[in-house]
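Here the structure is a predicted model, which means the values were calculated and not measured. Numbering of residues begins at 1 and proceeds along the displayed sequence.
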Amino acid sequence: MATIIDGKAVSAAVRAEVAKEVEELKTKGITPGLAVIIVGDDPASRVYVNNKKKACAEAGIYSEEFALPADTTQEELLALVASLNGRSDINGILCQLPLPKGLSDKDVIEAISPSKDVDAFHAQNVGNIMIGDYHFLPCTPAGVMELLHRAGVEVAGKRCVVIGRSNIVGKPMAMLLLHENGTVTVCHSRTQDLAAVCREADILVAAVGKAKFVTADMVKPGAAVIDVGMNRDENGKLCGDVDYAAVEPIAGYITPVPGGVGPMTIAMLLKNTLMAAKMQNALLMK
Ligand code: NAP
C-alpha cells in the first residue's frame with residue numbers, strides 16, 4: 001500500500017504561505033499583480049483562467065484579465081504584452097496557451113519580459129533553469145518537486161525516470177531532478193523497452209498524456225510514482241497516466257488524479273507571482 005501524496009493539502013499549504021507573504025508585502029505598500037491574457041473562447045482555457053483568477057483573489061494577489069476575441073491579430077496581442085511589460089502594478093504576465101490558429105505561442109512567450117514570465121516559458125528563463133541559476137520555475141515540474149519535498153521523498157542519489165520530454169513538463173522536470181542530484185533518465189515515444197527502464201526508477205514521473213499508460217509491470221516495488229497526466233477515461237472521467245488501481249499496491253508513494261499534481265500548478269503560479277513582485281521591488285536579489 002502506497003502513501004498517497006495529497007496534492008490538494010500541499011497546494012493549500014503553499015497557497016496559505018503565499019497569502020501570508022502577500023499580506024506582509026502589502027504592509028510595505030506592494031500588492032503583487034498578475035495579468036492573465038486569454039484569446040478566443042476555448043472552454044478548457046476559460047476554466048483554467050477562472051481558476052487562476054480565483055486563486056489570486058484568495059491569496060490577496062491583484063489579477064487583471066484581458067479577454068481578447070479569437071480574431072485578434074498577432075500585432076494586437078504583442079502590443080498588449082508590451083503595454084503590460086511597462087506597467088509597474090503588473091508583476092507577472094501569463095498568456096493562456098495554446099492560442100487560436102494563426103497566432104504564435106512562441107512569439108508571445110518571447111515578448112513577455114523574462115522578469116514577468118511567471119510561467120517560466122521564456123528562453124531566458126529556460127536557460128537559467130538549465131544552468132541552475134533561477135527564480136522562476138515552470139509551475140507543473142516545480143509543483144512535483146514541492147510534492148516530493150513535503151512527502152519526504154529524497155531525490156539525491158535516486159534513479160529518476162521521467163516519461164515525456166515536452167518543454168512544459170518533461171524536460172524541465174528532468175532538470176529539476178538533476179539539480180537535486182537524482183540520476184535521471186528521460187523517456188519518450190522512441191524509447192526501447194520502456195517498461196524495463198521504468199522498473200529501475202525509485203522516482204517515476206509520468207507526463208505522457210495517455211490514460212492508464214503506466215502499468216504495474218513498469219513500477220519497482222516501493223517507488224514514488226508521480227502522475228502528471230490529465231486525461232479523460234472511457235467514461236469521460238478525469239484520470240492520469242498511471243493505472244492507479246494496479247500501481248498503488250506496489251508503489252511506496254503515489255499521487256492520485258484528480259488531487260495530485262493538478263492542484264500544485266496554480267499554487268506554484270502564485271508563488272512565482274509573489275517572487276516576481278519581490279524581484280521587481282528589489283526585495284529579492286537575482
Ligand atoms: P506532450 O507535449 O504531448 O508530451 C507527451 C510526451 O509523452 C512526449 O514527449 C512523447 O514522446 C511522450 N510519449 C507519447 N507516447 C509515448 C509512448 N508510447 N511511450 C513513451 N513516451 C510517449 O504533453 P505534455 O504537455 O508534456 O503533457 C503531458 C500530460 O501532462 C498531459 O496529460 C497533460 O494534460 C498533462 N499536464 C498536466 C498538467 C498539470 O497541471 N497537472 C500540466 C501540464 C500538462 P515524443 O516526444 O517522442 O513524442
Electrostatic pair E23:K28 at N-O distance under 4.0 angstrom | no

Residues N128 and D133: side-chain donor-acceptor under 3.5 angstrom = no

Do K158 and E154 sit within salt-bridge range, that is, some charged N less than 4.0 Å from a carboxylate O?
-> no

Closest contact, heavy atoms only, V197 versus V161 | O-CG2, 3.6 Å

Could you walk me through whether F136 and M279 pass side chain to side chain contact (heavy atoms under 4.5 Å, CB included), step by step?
-> CA-CA 11 Å; F136 296 140; M279 284 188 328; 3.6 Å; yes

Return the minimal non-hydrogen interatomic distance between P141 and V169, and the atom names on each side.
-> CG-O, 3.8 Å

Stepwise side chain to side chain contact (heavy atoms under 4.5 Å, CB included) check, N272 with C139 = CA-CA 8 Å; N272 280 348; C139 298; 3.9 Å; yes

Ignoring hydrogens and angles, tell me if any N or O in the side chain of S11 forms a donor-acceptor pair with the backbone of M264 under 3.5 Å.
-> no

Quick one: do D89 and R87 make a salt bridge, cutoff under 4.0 Å?
-> yes

Quick note, ring pair (Phe, Tyr, Trp, His ring centres under 6.0 Å) partners involving residues 173-200, not counting sequence neighbours, are Y134-H179

Do other residues, nucleotides or ligands put more than 12 heavy atoms under 6.0 Å from D105 CG?
-> yes

Please tell me if the side chains of L99 and L77 come closer than 4.5 Å, counting only heavy atoms from C-beta onward.
-> yes

Steps toward side chain to side chain contact (heavy atoms under 4.5 Å, CB included) verdict (N281, N91) | CA-CA 10 Å; N281 287 282; N91 307 110; 4.3 Å; yes

Between K220 and D202, does at least one N-O distance fall below 4.0 Å, as a salt bridge requires?
-> yes

Counting heavy atoms not belonging to K8, are there more than 12 under 6.0 Å from its NZ?
-> no

Closest heavy-atom contact between A35 and L84?
-> CB-CD1, 3.8 Å

For D227 and V242, work out which heavy atoms get closest and say how close.
-> OD2-N, 3.0 Å

Hey, is K54 close enough to E58 for a salt bridge, meaning N to O under 4.0 Å?
-> yes

Nearest-0.5 Å distance that lies between atom CE in M275 and atom CD in Q280 | 12.5 Å

Do you see a donor-acceptor pair shorter than 3.5 Å between the side chains of K52 and Q96?
-> yes

Going by heavy atoms in the side chains, are L68 and I37 under 4.5 Å from each other?
-> yes

Below 4.5 Å, heavy atoms only, C-beta onward: do I112 and V118 meet side chain to side chain?
-> no

On a heavy-atom basis, the closest approach of P114 and Q124 is CG-OE1, 3.5 Å

Residues in salt bridge (Lys or Arg N to Asp or Glu O under 4.0 Å) contact with R199, at least two apart in sequence or another chain = none

Flag the pair D117 / I93 as yes when at least one side-chain heavy-atom distance between them is below 4.5 Å, and no otherwise.
-> no

Which residue, V205, D241, V214, forms the side chain to side chain contact (heavy atoms under 4.5 Å, CB included) with I163?
-> V214

Test side chain to side chain contact (heavy atoms under 4.5 Å, CB included) on M173 and M145 and set out the steps.
-> CA-CA 8 Å; M173 187 72 252; M145 296 310 291; 3.5 Å; yes

To the nearest 0.5 Å, how far apart are CG in L80 and CZ in F66?
-> 6.0 Å

Which value, rounded to the nearest 0.5 Å, describes the distance between S104 atom OG and E110 atom CD?
-> 9.0 Å

So SG of C239 and CG of D233: to nearest 0.5 Å the spacing works out to 5.0 Å

Around atom NZ of K53, are there more than 12 heavy atoms of other residues, nucleotides or ligands at under 6.0 Å?
-> yes

Test salt bridge (charged side-chain N to carboxylate O under 4.0 Å, His left out) on E24 and K278 and set out the steps.
-> CA-CA 11 Å; E24 283 165 22; K278 285 188 193 172; over 6 Å; no

Nearest 0.5 Å please: distance from the NE2 atom of H122 over to the CD1 atom of I109.
-> 9.5 Å

Do you know the tightest heavy-atom contact between V155 and L177?
-> CG1-O, 3.7 Å

Are I4 and Y253 side-chain neighbours, meaning at least one heavy-atom pair lies under 4.5 Å?
-> no

